[in-house]
Enquirer: 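I have a structure here, written as structure tokens, and I will follow up with some questions on it.
These numbers come from the heavy atoms of this one structure, side chains and all, not from hydrogens, waters or symmetry mates.
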Amino acid sequence: MLVTVRVQEKGQVTIPSDIRKKLRIKKGDLVTFVVQDKNVVLKPVETAVQELLGRLDQRLKERG
């Protein structure tokens, strides 16, 4: 899915409704911006936390 939106005066962008629905983002939800090289990835905070916990679990298992 490729969607282009305009950045507003204060750096704000509107997440299109199709994307909000797909990611199940609702009013009041927290989102995380992840910078990867020259890209920005937007994730619901729950997804970002689960990924972080998964990485932590993997590293702990590697250390025994």
Enquirer: Using atom types as modelled, flag every donor-acceptor pair under 3.5 Å from a side chain in residues 43-64 to any protein atom, sequence neighbours excluded.
Expert:
unit_1: Lys43; atom_1: NZ; unit_2: Glu51; atom_2: OE1; d: 2.4
unit_1: Lys43; atom_1: NZ; unit_2: Glu51; atom_2: OE2; d: 3.4
unit_1: Asp57; atom_1: OD2; unit_2: Lys61; atom_2: NZ; d: 3.1

Enquirer: Applying side chain to side chain contact (heavy atoms under 4.5 Å, CB included), can you list everything that pairs with Val3, at least two apart in sequence or on another chain?
Expert: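 Val3: side chain to side chain contact (heavy atoms under 4.5 Å, CB included) contacts with Met1, Val5, Pro16, Ile19.
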Enquirer: Can you hop from Ile15 to Val41 via hydrophobic side chains spaced under 4.5 Å?
Expert: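 Different hydrophobic clusters.
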Enquirer: With sequence neighbours excluded, give me every side chain to side chain donor-acceptor pair (under 3.5 Å) pair touching residues 2-17.
Expert: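 Sorted result for residues 2-17: empty, none.
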Enquirer: In chain order, what residues pass the side-chain hydrogen bond (donor to acceptor under 3.5 Å, both in side chains) check against Asp18, with sequence neighbours excluded?
Expert: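 side-chain hydrogen bond (donor to acceptor under 3.5 Å, both in side chains) check on Asp18 returns nothing, list empty.
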Enquirer: Output a table of donor-acceptor pairs, distance under 3.5 Å, between side-chain atoms of residues 22-38 and any protein atom two or more places apart or on a different chain; print 'none' if there are none.
Expert:
unit_1: Asp29; atom_1: OD2; unit_2: Lys26; atom_2: N; d: 2.7

